[in-house]
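One structure below.
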Amino acid sequence: MEQQRTAIVTGGGSGIGLAISRRLAADGHAVAVFDLDHASATAAAGDIASSGGRAIGLHVDVADRERVFAATDEVRRELGPPAILVNNAGMGARMRSFLKIAPEEWEQVLKVNMTGAFHCCQAVLPDMIEARWGRIVNISSSSAHSGEPFLASYVSSKSGLNGLTKSGVTVNAVPPGFIDTPMLQGSVARGEFGEGGIEAVIARTPVRRAGLPEDVAAMCAFLCREEAGYITGQIFGVNGGRNT
């Protein structure tokens, strides 16, 4: 039987993060939900608690190093030392040509998507080193493989996250593909999929459907298990077989 541990899921209040929070809780772990939206974090924690799990929801901006460390201290007090970290928090970027990306926009995307994960890793690593056990899963993006000419800041940040993954032990990355999340629906509403819309993307996907947050959560849950102890520095695409 899998040992119950304490997990932190950043961006854990909605979309893929919420599915991961619920899945880890279902596996018996205590879950700290970090989210920029405090209401979403507390709602997710409340949902887990109502199902018999242990969880807390905390307002955390992962780009704020001091807040990350303070929130991790709260986790230690309330749930115990963290043994699992899922770096899921991230932000998208507006589709625009490279020359029109403002420097401050570039910096903000990297600060959240890549440096935020760096802060969280440094906050939890002392606990993992002391326990001689830990799992870190970075949720990157399939765009880091396929590329995207109008999302240079986003692709760069997620590529950097994949690089960070290869610099630790029992650290792996899951780059989701075309997953039905609030972020995806926002892109649809803005017409960012062009002619053919999401149907055209699904037609290029071998499994012929959009992915679900639970699909990503399932891979994440496995990588957090005891059996995954000899897997590190790897990147596991959850994309229905679509690479473009």
Side-chain angles (χ1 to χ4, degrees), residues 5-18 20-21 24 29-42 44-45 55-93 101-131 133-141 144 153-175 183 220 224 233:
R5 304 182 189 274
T6 297
I8 294 174
V9 181
T10 70
S14 65
I16 291 172
L18 177 58
I20 293 170
S21 297
L24 293 178
H29 301 299
V31 179
V33 180
F34 286 10
D35 206 288
L36 187 61
D37 185 335
H38 194 195
S40 295
T42 54
I56 57 173
L58 299 172
H59 173 252
V60 180
D61 177 358
V62 296
D64 183 341
R65 183 177 177 85
E66 289 187 7
R67 178 57 189 144
V68 167
F69 276 75
T72 303
D73 283 340
E74 293 182 61
V75 174
R76 293 188 186 100
R77 290 193 298 269
E78 297 292 327
L79 301 177
I84 295 169
L85 169 65
V86 181
N87 284 311
N88 171 74
M91 65 175 292
I101 299 173
E104 56 270 21
E105 178 184 352
W106 172 272
E107 293 290 347
Q108 182 62 21
V109 173
L110 267 64
K111 189 175 182 180
V112 173
N113 293 353
M114 188 169 63
T115 306
F118 165 78
H119 294 327
C120 292
C121 288
Q122 286 201 327
V124 303
L125 274 173
D127 298 284
M128 296 180 179
I129 292 170
E130 182 176 351
W133 198 100
R135 299 286 187 271
I136 297 175
V137 181
N138 297 320
I139 306 300
S140 58
S141 170
S153 58
Y154 181 79
V155 173
S156 296
S157 68
K158 293 299 188 177
S159 297
L161 192 56
N162 284 341
L164 180 64
T165 296
K166 295 181 178 295
S167 302
V169 176
T170 58
V171 182
N172 295 284
V174 177
M183 184 179 291
C220 183
C224 293

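These numbers come from a predicted model, not from an experiment.
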Quiz item: Shortest non-hydrogen contact from A45 to I56?
Solution: CB-C, 3.5 Å
Practice problem: Provide the full list of salt bridge (charged side-chain N to carboxylate O under 4.0 Å, His left out) pairs with a residue in residues 71-88, sequence neighbours left out, each pair given once. | Solution: R67-E74, D73-R76, R76-D127
Self-check item: M128 and L85, any side-chain heavy atoms less than 4.5 Å apart
Solution: yes
Quiz item: Can you find a pair of side-chain heavy atoms, one from S14 and one from D37, that are under 4.5 Å apart?
Solution: no
Practice problem: Please examine the side chains of I20 and I139, heavy atoms only from C-beta on, and report whether any two atoms are closer than 4.5 Å. | Solution: yes
Self-check item: Side chains of M91 and L36 in contact at under 4.5 Å (non-hydrogen atoms)
Solution: no
Quiz prompt | 4.5 Å side-chain heavy-atom contact, T10 and V60 | solution = no
Practice problem: Taking the side chain as every heavy atom from C-beta outward, state whether F118 and M114 have any atom pair closer than 4.5 Å. | Solution: no
Quiz item: What heavy-atom pair brings A93 and E105 nearest, and what distance separates the two atoms?
Solution: CB-OE2, 4.2 Å
Exercise. Starting at NZ of K111, measure out to CD of E104 and round the result to the nearest 0.5 Å.
Key: 12.5 Å
Exercise. Working to the nearest 0.5 Å, report the span between CD1 of I136 and CG of N172.
Key: 10.0 Å
Quiz item: Between CG of L79 and NE2 of H29, what distance do you get to the nearest 0.5 Å?
Solution: 13.0 Å
Self-check item: A123 versus P126, closest heavy-atom pair with distance
Solution: O-CD, 3.8 Å
Quiz item: Quick one: does S156's side chain have a donor or acceptor within less than 3.5 Å of a partner on S153's backbone?
Solution: no
Quiz item: Testing C220, S21, C120 for side chain to side chain contact (heavy atoms under 4.5 Å, CB included) with V86, which one passes?
Solution: C220
Self-check item: F69 CZ to D64 CG distance, which is reported to the nearest 0.5 Å
Solution: 11.0 Å
Exercise. Calculate, to the nearest 0.5 Å, the distance between atoms CG and CZ belonging to D61 and F34 respectively.
Key: 12.0 Å
Exercise. Looking only at non-hydrogen atoms, find the nearest pair between N87 and C121 and report the distance.
Key: ND2-SG, 3.6 Å
Quiz prompt | Residue pair A63 / V112: nearest heavy atoms and the distance that separates them | solution = CB-CG2, 4.2 Å
Quiz item: Distance from D35 atom CG to S40 atom OG, nearest 0.5 Å?
Solution: 5.5 Å
Self-check item: S157 to L110 - nearest heavy-atom pair and separation
Solution: CB-CD1, 4.0 Å
Quiz item: Between N113 and L161, is any pair of side-chain heavy atoms under 4.5 Å apart?
Solution: no
Exercise. For N138 and T165, test the side chains for any donor-to-acceptor distance below 3.5 angstrom and give the result as yes or no.
Key: yes
Exercise. Using atom types as modelled and distance alone, determine if a side-chain donor or acceptor of T42 lies under 3.5 Å from a backbone N or O of A39.
Key: yes
